[in-house]
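These notes are about the structure you will find just below.
In each ligand, atom 1 is the first atom listed, and ligand 1 is the first ligand listed. Count residues from 1 along the sequence.
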Amino acid sequence: MSWELLLWLLALCALILPLVQLLRFLRADADLTLLWAEWQGRRPEWELTDMVVWITGASSGIGEELAFQLCKLGVSLVLSARRVQELERVKRRCLGRNCLKDCMFFLIYLLGIDILVNNSGRSQRSLVLETSLDVFKELINLNYIGTVSLTKCVLPHMIERKQGKIVTVNSIAGIASVSLSSGYCASKHALRGFFNALLSELGQYPGITLCNIYPGPVQSDIVKNALTEEVNKSMRNNIDQSYKMPTSRCVRLMLIAMANDLKEVWISDHPVLLGAYIWQYMPTWASWLNCKLGKKRIQNFKNNLDPDLPYKFLKAKKD
Ligand SMILES: NC(=O)c1ccc[n+]([C@@H]2O[C@H](COP(=O)([O-])OP(=O)(O)OC[C@H]3O[C@@H](n4cnc5c(N)ncnc54)[C@H](OP(=O)(O)O)[C@@H]3O)[C@@H](O)[C@H]2O)c1
């Protein structure tokens with residue numbers, strides 16, 4: 001092969017490779033490390049089978065789907081939430097598909113937990129000026145203090161056994177803030193700060209790992225159950241969730257992150273995924289964009305429409 005041809009080939013590669021990466025990014029529904037792990041990494045079935053996993057907030061949405069998919073892998077489950085009837089339904093769903101013969105359900109099983117999944121949480125749809133302080137306290141108590149206290153309960157037992165994994169379902173709202181969810185964003189940002197600090201303290205315990213999951217919009221009851229201006233006031237209308245990521249896809253990616261010991265993963269379709277990258281690398285642009293989108297969200301909210309309509313529109317354009 002002549003030098004000239006070789007140079008042409010190299011130049012072609014230099015052009016094509018970034019294009020391929022760009023195309024991959026445009027089609028991405030998670031950060032590229034997680035997608036790379038999905039493509040070539042260890043599979044959840046090999047790593048998680050025979051573990052004991054405690055999932056909080058397992059009575060609906062992401063927690064329910066996680067229970068279902070873990071069940072199929074032969075994992076022993078501890079499921080918790082407030083609505084016992086819903087937990088019973090999830091248990092029947094797991095056992096009913098005959099995906100597991102000896103699935104175990106406990107109320108509390110602190111000592112033998114291999115993996116704790118801090119998943120329970122509530123969101124918020126209300127403006128700061130119209131929201132009572134109790135709502136902010138409720139969000140911090142459930143999303144932040146509840147998670148910290150459970151982690152502190154389980155961690156000493158994991159350290160004693162020299163092994164364990166703590167998975168926390170955070171949110172893209174823990175990286176990038178949005179209007180109408182100030183208390184929710186604050187509680188998720190607090191979790192990010194806490195777990196990043198904890199990670200640096202756990203260096204001396206190599207068997208203990210943390211995995212922080214940051215999903216974007218995912219189909220679940222999160223909006224229906226969101227807090228509003230007052231603690232006991234529920235959402236005014238049901239909101240269409242069809243444009244969000246299917247729960248099963250989000251959970252599949254979560255399992256890959258857990259099996260591959262990834263420390264922080266972002267799971268979201270565009271435009272929210274792109275928004276998170278802009279927030280991380282170009283904060284001033286992100287603030288400008290956030291104000292523009294925020295105005296539209298608030299306008300929709302005040303007109304009793306879905307505040308997420310701008311995202312829905314952008315996603316529809318992408319699809
Ligand atoms: N869906 C999304 O778009 C999205 C995006 C980013 C992050 N997330 C995060 O994903 C996690 C799961 O949410 P989801 O989307 O699956 O919503 P979901 O369907 O509403 O599920 C929330 C779960 O949390 C439990 N929970 C709520 N309040 C609780 C309390 N006071 N004490 C104990 N458990 C409580 C609920 O069970 P009970 O009501 O029976 O107690 C339910 O099982 C949350 O941490 C959420 O912030 C969701």
Fill in: Closest non-hydrogen atom pair between Cys250 and Pro215, with its separation
SG-CB, 4.3 Å

Discussion item. Looking at every non-hydrogen atom in both residues, tell me the closest pair between Asn170 and Arg192 and how far apart they are.
Written reply: ND2-N, 3.6 Å

Worksheet item: At a 4.0 Å threshold, what atoms of ligand 1 neighbour a non-hydrogen atom of Lys188?
Response: 45 (O), 46 (C), 47 (O)

Response to the item:
Nearest non-hydrogen protein atom to atom 47 (O) of ligand 1, with distance, is Tyr184 OH, 2.6 Å

Worksheet, complete the sentence: Contact region, Glu64 to ligand 1, non-hydrogen atoms below 4.0 Å, reads neither

Practice prompt. Measure the distance from atom 37 (O) of ligand 1 to every protein heavy atom, then report the residue, atom name and distance (to 0.1 Å) of the closest one.
Written response: Ser59 OG, 2.9 Å

Practice prompt. Would you name the heavy atoms of Ser187 and Ile140 that are closest together and state the gap between them?
Written response: CA-CD1, 3.8 Å

Worksheet item: Tell me, which protein residue and heavy-atom name are nearest atom 26 (N) of ligand 1, and how many Å apart are they?
Response: Ser120 CB, 4.0 Å

Worksheet item: Should Thr228 and Arg125 be marked as a side chain to side chain donor-acceptor pair (under 3.5 Å) after you check the CA-CA gap, both sets of side-chain angles, and the distance that decides it?
Response: CA-CA 5 Å; Thr228 61; Arg125 284 289 184 280; over 6 Å; no

Practice prompt. Please indicate whether Gln85 has more than 12 foreign heavy atoms, meaning atoms of other residues, nucleotides or ligands, lying under 6.0 Å from its CD.
Written response: no

Worksheet entry | Closest candidate by heavy atom, reference atom 48 (C) of ligand 1, pool Val169, Ile62, Val218 | Ile62

Worksheet item: Is the shortest N/O to N/O distance between Ile172 and ligand 1 below 3.5 Å?
Response: no

Worksheet item: Going by distance only, is there an N or O of Gln219 that falls short of 3.5 Å from an N or O of ligand 1?
Response: no

Worksheet item: Near Ser171, which atoms of ligand 1 are under 4.0 Å from a heavy atom of that residue?
Response: 6 (C), 7 (C)

Worksheet, complete the sentence: Heavy atoms of Ala30 and Leu253 approach each other most closely as CB-CD1, 4.1 Å

Discussion item. At under 4.0 Å between heavy atoms, is it the side chain or the backbone of Tyr214 that contacts ligand 1, or both, or neither?
Written reply: neither

Worksheet item: Are side-chain heavy atoms of Met258 and Ile115 found at a separation under 4.5 Å?
Response: yes

Worksheet item: Identify the closest protein heavy atom to atom 12 (C) of ligand 1: which residue and atom is it, and at what distance?
Response: Asn119 OD1, 3.2 Å

Worksheet, complete the sentence: Atoms of ligand 1 under 4.0 Å from any heavy atom of Arg122, numbered from 1 in the order shown, are 27 (C), 28 (N)

Item to complete: Taking all heavy atoms of Ala257 and all of Cys211, pick out the closest pair and write down the distance.
Response: CB-SG, 4.1 Å

Fill in: Any donor-acceptor pair under 3.5 Å from Asp114 side chain to Val52 backbone
yes

Worksheet entry | Ligand-side contact atoms (ligand 1) for residue partner Gly61, heavy atom cut-off under 4.0 Å | 16 (O), 19 (O)

Worksheet item: Looking at atom 31 (N) of ligand 1, what's its closest protein heavy atom, distance included?
Response: Leu142 CD1, 3.5 Å

Worksheet item: Side chain or backbone of Asn170 under 4.0 Å from ligand 1, or both, or neither, by non-hydrogen atoms?
Response: backbone

Worksheet entry | Sub-4.0 Å heavy-atom approach of Gly216 to ligand 1 | yes

Discussion item. For a 4.5 angstrom cut-off between non-hydrogen side-chain atoms, does Thr131 reach Gln124?
Written reply: yes

Fill in: Any side-chain donor near an acceptor of the partner, Ser242 and Asp240, under 3.5 Å
yes

Fill in: Part of Ala58 within contact of ligand 1 (heavy atoms, under 4.0 Å)
backbone

Worksheet item: For atom 21 (O) of ligand 1, which protein heavy atom lies nearest, and how many Å away is it?
Response: Ser60 OG, 3.2 Å

Worksheet item: Which residue and non-hydrogen atom of the protein lie closest to atom 39 (O) of ligand 1, and at what distance in Å?
Response: Arg82 NH2, 2.9 Å

Worksheet item: Atoms of ligand 1 less than 4.0 Å from Pro217 heavy atoms?
Response: 3 (O)

Worksheet item: Are Thr147 and Asn118 linked by a side-chain donor-acceptor pair shorter than 3.5 Å?
Response: no

Worksheet entry | Trp288/Trp285 under ring-ring contact (aromatic ring centres under 6.0 Å, His included): CA gap, chis, key distance, verdict | CA-CA 5 Å; Trp288 177 82; Trp285 281 33; 8.0 Å; no

Discussion item. Within 45 degrees of the ring normal and closer than 6.0 Å to the centroid, is that where the cationic atom of Arg122 sits relative to Tyr184?
Written reply: no

Fill in: Polar atom proximity, Arg83 to ligand 1 (N or O, under 3.5 Å)
yes

Practice prompt. Report the nearest protein non-hydrogen atom to atom 13 (O) of ligand 1: residue, atom name, distance rounded to 0.1 Å.
Written response: Ile222 CD1, 3.7 Å

Practice prompt. Select one of side chain, backbone, both or neither to describe which atoms of Asp221 lie under 4.0 Å from any atom of ligand 1, heavy atoms only.
Written response: both

